[in-house]
Amino acid sequence: MLLINGHPASSVDTKALASKFRTFIDPDFVVSDTDSKRPFECDGLSVYKEMPRLVVMPASTDEVRKAMRLCHEHGVPVVVRGAGTGLSGGALPHPDGVLLSLTRLSNIIDIDPAARQARVQPGVRNLEISEACDEYGLFYAPDPSSQIACSIGGNVAENAGGVHCLKYGLTVHNVLQLTLVTVDGEVITVGNEGLESAGPDLLALIIGSEGMLGVVTEVIVKLLPKPSHCQVILASFDNIESAGDAVGGVIASGIIPAGFEMMDSYAIKAAEDYAHAGYDTDAAALLLCELDGTAEEVASGIDRCTKMFEKYGATSIRVSKDEAERALYWKGRKSAFPAIGRISPDYYCMDGTIPRRSLSKVLSEIARLSTEFGLRVANVFHAGDGNMHPLILFDESKPGELKKAEAFGAKILELCVEVGGCITGEHGVGVEKLPQMLVQFDDAELAQLNAVKDACDPDGLLNPGKGVPTLKRCQEYRSL
Ligand SMILES: Cc1cc2nc3c(=O)[nH]c(=O)nc-3n(C[C@H](O)[C@H](O)[C@H](O)COP(=O)(O)OP(=O)(O)OC[C@H]3O[C@@H](n4cnc5c(N)ncnc54)[C@H](O)[C@@H]3O)c2cc1C
């Protein structure tokens, strides 16, 4: 018998279930045939695939509420999906469950420039918010590299980060209020439009909970005034350790750049070949350091950062002269992932966070592991906040290479924990990092995380088998 978190899976007939959904959701958006369901089999981590029983696309909070009630009544598991760009298998369907796709909840409901807030539905794309606020001189700060495609609902569920999060904070620092549909179909509000809430901080609990505690159907985000000036420094180094140390040096000197990114030689060459951004392809490492603010603040920041890069041995330093050049420098960085896809048939994108002081140590160790495993690694990441993204290059068609890449990735995550960091920065745990949760947490800590899940979802119907390993799975893993 199929069990969901130890409970028997629903025995309700799929046809009967689809008919019930069609009584309150436009029948065209209750998808049951295999070919139409295929695009929903996986998220951005396509090594995991599963076919859901049904794909259901509600168009309002009320339809989500009714969908959750129906699934709860019949004990049907639910996996929520935003844009499906997640990289840890968070939106991987459950074979006995319904995939609740929220792409039809895609309206910006209201922009309040005076309050610097926007109220949006979860299917709105991240970049759309800043585009819609541009006419008021405002922007939404968290900017994942996938921002052209990923949804704000997915950003909330993963606590997404991006280039500008070093200075302006992650999703959790830029969301004020959520409308949440609970597993049994109640609609609740979490957080409020002010800066303080009474009681424990449930907003922070929900943000980053990977679709396991409720379905987000509305989000109020904070908007920030667009800085009047912005320039980016490109600094090349002939070894990656010096670049890592320069990152620590700049931040220790009291400067918080608006963005502070690092690329290694594989990433530089691939990005340059793809985007023609003018990168120094002889460099072992490249830093992109963006300063924003008033003209005076930017000029002073550039002066201080340039001196710091010289002190740490930069081999060349360039500063963007105008907006077009600034956009070009960022274009290379933002297209680095697809660019890497051109130099390797497959790559596995890891995501871990480390204290900045350990950057050069961890980068050296990754290089050593690369030799040990016989697989190339490209590093392109948010260096300022220590959020690493080693891309392990492999060829899935070669027997055993995927397994080797996964084992290498696991070692990198364990290394992050060893130096006092964390197994995820922004991509979440999903199905990918369940074993590493046991490296990060002991049994007592995992029991607390499971207790939170049980309190919100006693039958384990929301995104089962993701995020937090059950205590039974912990025992299985630990005995391996
Ligand atoms: C090329 C590339 C670059 C990327 N760069 C970044 C980056 O710089 N920073 C970053 O943070 N991430 C990055 N990502 C990862 C991904 O884009 C983010 O995790 C993003 O937040 C996922 O949003 P989504 O709408 O695609 O969510 P999905 O992949 O659809 O879902 C992700 C998780 O959120 C849950 N979920 C989705 N919507 C809701 C909702 N409304 N209510 C409850 N749960 C929900 C799902 O169940 C799932 O667990 C990148 C991905 C790619 C492919």
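Read the numbers this way: they start at 1 and go in the same order the structure lists the ligands and their atoms. In what follows, every heavy atom counts, from backbone to side chain, and hydrogens, waters and symmetry copies are set aside. Starting from 1, each residue takes its place in the sequence as its number.
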Give every pair made of an N or O atom of ligand 1 and a protein N or O atom lying under 3.5 Å apart, one pair per line with both atom names and the distance to 0.1 Å, or write 'none'.
residue: ligand 1; atom: 8 (O); partner: Ser145; partner atom: N; Å: 2.9
residue: ligand 1; atom: 8 (O); partner: Ser145; partner atom: OG; Å: 3.4
residue: ligand 1; atom: 8 (O); partner: Glu426; partner atom: OE2; Å: 3.3
residue: ligand 1; atom: 9 (N); partner: Gly161; partner atom: O; Å: 2.9
residue: ligand 1; atom: 9 (N); partner: Glu426; partner atom: OE1; Å: 3.3
residue: ligand 1; atom: 9 (N); partner: Glu426; partner atom: OE2; Å: 2.9
residue: ligand 1; atom: 11 (O); partner: Gly161; partner atom: N; Å: 3.0
residue: ligand 1; atom: 11 (O); partner: Gly161; partner atom: O; Å: 3.4
residue: ligand 1; atom: 17 (O); partner: Thr85; partner atom: OG1; Å: 2.6
residue: ligand 1; atom: 17 (O); partner: Ser146; partner atom: OG; Å: 2.6
residue: ligand 1; atom: 21 (O); partner: Gly154; partner atom: O; Å: 3.4
residue: ligand 1; atom: 21 (O); partner: Asn155; partner atom: N; Å: 3.4
residue: ligand 1; atom: 21 (O); partner: Asn155; partner atom: ND2; Å: 2.9
residue: ligand 1; atom: 25 (O); partner: Ala83; partner atom: N; Å: 2.9
residue: ligand 1; atom: 25 (O); partner: Ser151; partner atom: N; Å: 2.9
residue: ligand 1; atom: 25 (O); partner: Ser151; partner atom: OG; Å: 2.6
residue: ligand 1; atom: 26 (O); partner: Gly84; partner atom: N; Å: 3.1
residue: ligand 1; atom: 26 (O); partner: Thr85; partner atom: N; Å: 2.7
residue: ligand 1; atom: 26 (O); partner: Thr85; partner atom: OG1; Å: 2.6
residue: ligand 1; atom: 29 (O); partner: Thr85; partner atom: N; Å: 3.3
residue: ligand 1; atom: 29 (O); partner: Gly86; partner atom: N; Å: 2.8
residue: ligand 1; atom: 30 (O); partner: Gly82; partner atom: N; Å: 2.7
residue: ligand 1; atom: 30 (O); partner: Ala83; partner atom: N; Å: 3.4
residue: ligand 1; atom: 30 (O); partner: Gly84; partner atom: N; Å: 2.8
residue: ligand 1; atom: 41 (N); partner: Val216; partner atom: O; Å: 3.0
residue: ligand 1; atom: 42 (N); partner: Val216; partner atom: N; Å: 3.0
residue: ligand 1; atom: 47 (O); partner: Val80; partner atom: O; Å: 2.6
residue: ligand 1; atom: 49 (O); partner: Gly90; partner atom: O; Å: 3.2
residue: ligand 1; atom: 49 (O); partner: Glu210; partner atom: O; Å: 3.3
residue: ligand 1; atom: 49 (O); partner: Asn463; partner atom: ND2; Å: 3.4

Residue pairs fulfilling salt bridge (Lys or Arg N to Asp or Glu O under 4.0 Å) with at least one residue in residues 70-86, sequence neighbours excluded: none

Is the distance between the ring centroids of Tyr168 and Phe139 under 6.0 Å? yes

Decide whether a cation-pi geometry holds between Arg342 and Tyr274; the criteria are a distance under 6.0 Å from NZ or CZ to the six-membered ring centre and an angle within 45° of the ring axis. no

Are there over 12 heavy-atom neighbours, none belonging to Ile256, within less than 6.0 Å of that residue's CD1? yes

Which salt bridge (Lys or Arg N to Asp or Glu O under 4.0 Å) pairs, counting each pair once, include a residue from residues 405-414, with sequence neighbours left out? Lys403-Glu406

Under the side chain to side chain donor-acceptor pair (under 3.5 Å) test, which residues partner Thr424, sequence neighbours left out? Asp351

